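Atoms within each ligand, like the ligands themselves, are counted from 1 in listed order. For this chain, numbers begin at 1 and follow the sequence in order. Since this is a predicted model, take the numbers as computed values, not measurements.
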Amino acid sequence: MTTTANVYQNYIGGKWQSAQSGETFSNHNPATGELLGYFPLSGEVEANTAVEAARAAFDSWRLVPAPKRGEILFRVGELLKQHKEELARTMTQEMGKILKETRGDVQEGIDMAYYMGGEGRRLFGYSVPVELPNKSGVAMRDAIGVVACITPWNFPIAIPTWKMFPALVAGNTVVIKPASDTPLSALRLVEILYEAGLPKGVVNIVFGPGGTVGEALLHHPNVAVISFTGSTESGRHVAVEAAKSLKRVSLEMGGKNAVIVMDDADLDLAVEGILWSAYGTTGQRCTACSRVIVHSAVSKKLTGMLVARIEQLRLGNGLDENVDVGPIINASQLEKIHSYTEIGKAEGATLVTGGEIAREGELARGHFYRPTLFTNVRPTMRLAQEEIFGPTLSFIEVQSLDEAIAVNNATKFGLSSAIYTQDANRVQRATRDITTGILYVNSGTTGAEIQFPFGGTRGTGNGHREAGLAGLDVFTEWKVVYTDYSGKLQKAQIDT
Ligand code: NAP
């Protein structure tokens, strides 16, 4: 077959390289099926070469003064800003989110570049008083080494920046393996890093399947840290495999996020928040709302208000500014989403709207699913427990705040929750008792800001956080330096 589609390469040690086998995989627009390009079908060989390149670059990059590393990130922020529209369009073509959302994705990268650029002049350690005279103690952050970043397709620029920028400002070097559904956005990001002046080999990008490239990174002895975002299933595997060589592993995984709507809530406000959280990004956000836990006194009214709005949502190609909801990322995910509609019906939940693949007109070219709402969902149903990662929302009725909190907490995930109420006491109780990493009061479940720690509890994470100051902890090792200037042996931790 002859084609004019672009053929892209890995970027390793400052050189563009194909896979040794010469094999490629193709990248398609999920809204239209259009071919966007070919990428190297890399494997263990390319992953290993990239790790070695990153290891070699580490020796000099860690010694570049942190403010200088920060300045490069600042320039990355400037370049991302300059290329924002072009990057957003590429991303929409590659993974389907509507333009407003892909612009937001790039903006998160810009924000992170400025934030971590600033960390180049902070990277605070601390000094505290010591027990003995004529002695000082300072705790400082050290770079760790080669960081492997394994990223998902739903935030193809933002998530790589959340991992790479703190890793880089702290003096680590990087190998990134982006999701196979979104190689192009990640490639553009890496090009921008080099345009900003990053020395060769500091960031290396390798395309190819998780099962080969990803797997090689999990086992390579010179990879010190794995920063992974993706499904809980893949994340668990990453943790188990990486533990064998005692790598540090930071996991950001799935969610089953809930909006609680109490009987005193401003329902108009709640409808806006639910609509955006459940159907924005076609429900393909880790923070997407997939459960509404609603007080029975307002359940019927809220359902009616929401359905009227759901049925007005326009599906289509995200490049069209009039579209509200873009496609599903690929055919297998579309199938998975539809299977949950069948599961929900079989479990006895009531399908109120949606529940089918949208095929009319131009939609037939892509992977589109109608925004879907189920009512009469019980908290233990699979519909209410498992991550669907699509535009499927379940209404669960409760009689009290205590019951709402219990239902909220009773899933294996714990990323984001929201509560709509006008009662300050209820807000305080929810704040105390909800066991998620993020809680919104009178707003939907999405919209985290990069200066705060991001991550979740239970099956969503393994205790680490991304972004904010907490994000630096993943990529730095604490070193404590004691200096004794007494001129004699002074013993600490010994009874004298
Ligand atoms: P995924 O299938 O788990 O893939 C994530 C990444 O892991 C991809 O780069 C994938 O490569 C790679 N991978 C797969 N198997 C691997 C293996 N054996 N070893 C090493 N790497 C492997 O997840 P996804 O479908 O891309 O993303 C959706 C999931 O991400 C959802 O569960 C969502 O909730 C979660 N997510 C979480 C957050 C958060 O911050 N908590 C944010 C965004 C998304 P391939 O693409 O080549 O398969």
Side-chain angles (χ1 to χ4, degrees), residues 25 27 30 39-44 47 94-95 97 105 108 148-163 175-183 185-186 205-220 223 226-242 247 249-257 281-290 328-330 332-334 336-337 386-390 411-416 436-438 445-446 448 450 452-467 471 474:
F25 65 96
N27 182 23
F39 287 81
L41 190 66
S42 316
E44 192 179 345
E94 186 170 55
M95 54 73 70
K97 285 197 286 203
D105 192 309
E108 279 191 34
C149 302
I150 301 177
T151 55
W153 49 266
N154 66 335
F155 280 83
I157 287 192
I159 289 178
T161 69
W162 285 35
K163 298 179 182 307
V175 175
I176 177 165
K177 192 222 87 66
S180 297
D181 280 313
T182 51
S185 300
I205 187 162
V206 184
F207 303 101
T212 53
V213 176
E215 210 59 48
L217 296 173
L218 304 186
H219 296 108
H220 198 296
V223 170
I226 307 266
S227 178
F228 168 89
T229 299
S231 62
T232 299
E233 191 189 2
S234 305
R236 182 177 292 113
H237 174 77
V238 167
V240 168
E241 291 307 310
K247 297 187 193 320
V249 178
S250 162
L251 303 171
E252 295 292 341
M253 300 177 286
K256 192 69 192 174
N257 312 294
T281 322
T282 324
Q284 303 173 109
R285 277 179 179 241
C286 51
T287 54
C289 166
S290 57
I328 303 301
I329 186 68
N330 56 38
S332 69
Q333 188 56 23
L334 183 68
K336 178 182 167 192
I337 291 166
E386 297 174 14
E387 187 182 45
I388 302 170
F389 220 55
T411 75
K412 63 181 180 188
F413 304 104
L415 184 52
S416 184
T436 52
I438 302 166
T445 51
T446 68
I450 65 101
F452 287 102
F454 181 91
T457 60
R458 295 189 284 278
T460 296
N462 64 340
H464 294 283
R465 290 292 183 269
E466 291 200 322
V474 173

Visitor: Using a 4.0 Å cut-off to any heavy atom of I159, which atoms of ligand 1 qualify?
Guide: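 Here the atoms of ligand 1 in question are 42 (C), 43 (C).
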
Visitor: Is there a nitrogen or oxygen of T151 sitting under 3.5 Å from a nitrogen or oxygen of ligand 1?
Guide: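 Min N/O separation from ligand 1 is below 3.5 Å for T151.
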
Visitor: Measuring from atom CD1 of I329 to atom CZ of F389, what distance do you get when rounded to the nearest 0.5 angstrom?
Guide: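 CZ of F389 is found 9.5 Å from CD1 of I329.
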
Visitor: Among all protein heavy atoms, pick the one closest to atom 32 (O) of ligand 1 and tell me residue, atom and distance.
Guide: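 That would be E387 OE1, 2.6 Å.
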
Visitor: Report the member of I150, T281, T229 with the shortest heavy-atom distance to atom 5 (C) of ligand 1.
Guide: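 Nearest heavy atom to atom 5 (C) of ligand 1 lies in T229.
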
Visitor: What's the spacing between F413 CZ and M253 CE if we round to 0.5 Å?
Guide: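 Rounded to the nearest 0.5 Å, the CZ-CE separation comes out at 9.0 Å.
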
Visitor: Find all atoms of ligand 1 within a distance of less than 4.0 Å from any non-hydrogen atom belonging to G214, and give their numbers and elements.
Guide: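 Here the atoms of ligand 1 in question are 19 (N), 20 (C), 21 (N).
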
Visitor: For ligand 1, which atoms sit closer than 4.0 Å to a heavy atom of N154?
Guide: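 Taking each heavy atom of N154 in turn, ligand 1 has 43 (C), 44 (C) under 4.0 Å.
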
Visitor: Quick one, F454 and C286 - any side-chain contact, counting heavy atoms below 4.5 Å?
Guide: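 Yes, side chains in contact.
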
Visitor: Do the side chains of V206 and V175 get nearer than 4.5 Å, heavy atoms only?
Guide: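 The answer is yes; the side chains approach within 4.5 Å.
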
Visitor: For the NZ atom of K256 and the CG atom of L415, what is their distance to the nearest 0.5 Å?
Guide: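 Between K256 NZ and L415 CG, I get 13.0 Å after rounding to 0.5 Å.
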
Visitor: State, yes or no, whether a side-chain contact exists between L217 and K177 at a heavy-atom distance under 4.5 Å.
Guide: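 Result yes, sub-4.5 Å side-chain heavy-atom pair found.
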
Visitor: Judged by non-hydrogen atoms, does G208 sit under 4.0 Å from ligand 1?
Guide: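 Contact check G208 vs ligand 1: positive.
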
Visitor: Quick one: which of P183, G210, S416, S180 has a heavy atom closest to atom 15 (N) of ligand 1?
Guide: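 Selected option, by shortest heavy-atom distance: G210.
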
Visitor: Could an N or O of ligand 1 be found under 3.5 Å from any N or O of T460, whether backbone or side chain?
Guide: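 There is no such contact.
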
Visitor: Can you list the atoms of ligand 1 that are under 4.0 Å from a heavy atom of W153?
Guide: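 Within the 4.0 Å cut-off of W153, ligand 1 contributes 24 (P), 25 (O), 26 (O), 27 (O).
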
Visitor: Is any side-chain heavy atom of I328 closer than 4.5 Å to one of Q284?
Guide: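 The answer is yes; the side chains approach within 4.5 Å.
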
Visitor: Give the contacting part of L217 toward ligand 1: side chain, backbone, both or neither, where contact means a heavy-atom distance below 4.0 Å.
Guide: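 None of L217 does.
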
Visitor: Which ligand 1 atoms, with their elements, are less than 4.0 angstrom from a heavy-atom of E252?
Guide: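 Reading through ligand 1 atom by atom, the close ones are 37 (C), 39 (C), 40 (O), 41 (N).
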
Visitor: Can you tell me how far CG of L251 sits from CZ of R236, rounded to the nearest 0.5 angstrom?
Guide: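 So the gap between those two atoms works out to 10.0 Å.
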
Visitor: Does some side-chain heavy atom of N27 sit less than 4.5 Å from a side-chain heavy atom of S180?
Guide: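 Side-chain contact under 4.5 Å: no.
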
Visitor: Measure the spacing between CD of E466 and CD1 of I159 and express it to the nearest 0.5 Å.
Guide: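 These two atoms lie 7.0 Å from each other.
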
Visitor: When you compare the side chains of T229 and K163, does any donor N or O come within less than 3.5 Å of an acceptor on the partner?
Guide: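 Checked: T229/K163 side chains pair up, N/O donor to acceptor below 3.5 Å.
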
Visitor: Could you tell me the residue and atom name of the protein heavy atom closest to atom 28 (C) of ligand 1, and the distance to it rounded to 0.1 Å?
Guide: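 Closest protein heavy atom to atom 28 (C) of ligand 1: F389 CE2, 3.5 Å.
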
Visitor: Just heavy atoms, cut-off under 4.0 Å: does E466 contact ligand 1 by side chain, backbone, both, or neither?
Guide: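 It is neither; nothing of E466 touches ligand 1.
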
Visitor: Under 6.0 Å from the six-membered ring centre of F155 and within 45° of its axis: does the NZ or CZ of K97 meet both?
Guide: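 Yes, K97 sits over the ring of F155.
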
Visitor: Nearest protein heavy-atom contact for atom 40 (O) of ligand 1: which residue, which atom, what distance?
Guide: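 For atom 40 (O) of ligand 1, the nearest protein heavy atom comes out as F454 CE2, 3.1 Å.
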
Visitor: Check ligand 1 against P209 and write out every atom of the ligand that is under 4.0 Å from a heavy-atom position of the residue.
Guide: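 Contacts of ligand 1 toward P209, numbered from 1: 47 (O).
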
Visitor: To the nearest 0.5 Å, tell me how far T287 OG1 sits from N154 CG.
Guide: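 Separation between the atoms: 8.5 Å.
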
Visitor: Would F155 count as a contact residue for ligand 1, given that I'm defining contact as a non-hydrogen atom of the residue lying under 4.0 Å from a ligand atom?
Guide: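 In this structure, F155 fails to qualify as a contact of ligand 1 - no heavy atom is under 4.0 Å.
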
Visitor: Which ligand 1 atoms does S231 reach within 4.0 Å, using its non-hydrogen atoms?
Guide: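 Per the distance check, 1 (P), 3 (O), 23 (O), 29 (C), 30 (O), 32 (O).
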
Visitor: Which one holds for V213 and ligand 1: side chain close, backbone close, both close, or neither close, with close meaning a heavy atom under 4.0 Å?
Guide: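 Neither; nothing of V213 gets under 4.0 Å from ligand 1.
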
Visitor: Report yes if some heavy atom in the side chain of D181 is under 4.5 Å from a heavy atom in the side chain of M95; otherwise report no.
Guide: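 Heavy-atom side-chain distance check fails, nothing below 4.5 Å.
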
Visitor: Identify, for atom 41 (N) of ligand 1, the protein heavy atom at the shortest distance, and state residue, atom and that distance.
Guide: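 Minimum-distance protein heavy atom for atom 41 (N) of ligand 1 reads M253 O, 2.8 Å.
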
Visitor: Would a 4.5 Å heavy-atom cut-off, applied to side chains only, mark E94 and P183 as touching?
Guide: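 Contact flag for E94/P183 side chains = yes.
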
Visitor: Which protein heavy atom lies closest to atom 42 (C) of ligand 1, and at what distance to 0.1 Å?
Guide: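 The closest heavy atom on the protein side is C286 SG, 3.0 Å.
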
Visitor: Compare all side-chain heavy atoms of I150 with those of L218 and state whether any distance is below 4.5 angstrom.
Guide: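 When only atoms from C-beta onward are counted, L218 and I150 do touch, with a gap below 4.5 Å.
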
Visitor: So between S234, G455, G459, G254, whose heavy atom ends up nearest atom 2 (O) of ligand 1?
Guide: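 The option holding the nearest heavy atom is S234.
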
Visitor: Counting only heavy atoms closer than 4.0 Å, does ligand 1 sit against the backbone of Q333, its side chain, both, or neither?
Guide: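 Contact part for Q333 vs ligand 1: neither.
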
Visitor: At the 4.0 Å heavy-atom cut-off, does T287 count as touching ligand 1?
Guide: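 T287: no contact with ligand 1 (<4.0 Å).
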
Visitor: Can you report which non-hydrogen protein atom sits closest to atom 11 (O) of ligand 1, along with the distance?
Guide: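 Here the closest protein heavy atom is K177 NZ, 3.1 Å.
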
Visitor: Nearest heavy atom to atom 30 (O) of ligand 1: which of G230, P156, G211 does it belong to?
Guide: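 Selected option, by shortest heavy-atom distance: G230.
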
Visitor: Around atom 27 (O) of ligand 1, find the nearest protein heavy atom and jot down its residue, atom name and distance.
Guide: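 Nearest protein contact, heavy atoms only, for atom 27 (O) of ligand 1 is P152 CB, 3.4 Å.
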
Visitor: Relative to ligand 1, is F228 under 4.0 angstrom through side chain, backbone, both or neither, heavy atoms considered?
Guide: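 The side chain, only.
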
Visitor: Starting from atom 18 (N) of ligand 1, locate the nearest protein heavy atom and write down its residue, its atom name and how far away it is, to 0.1 Å.
Guide: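 Residue, atom and distance for the closest contact: E215 OE1, 2.8 Å.
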
Visitor: I need the atoms of ligand 1 closer than 4.0 Å to a non-hydrogen atom of H237, numbered in the order shown.
Guide: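 Under 4.0 Å from H237, ligand 1 has these atoms: 18 (N).
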
Visitor: Classify the side-chain pair E215/H237 by whether it contains a donor and acceptor separated by less than 3.5 Å.
Guide: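 Present: a donor and an acceptor within the cut-off.
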
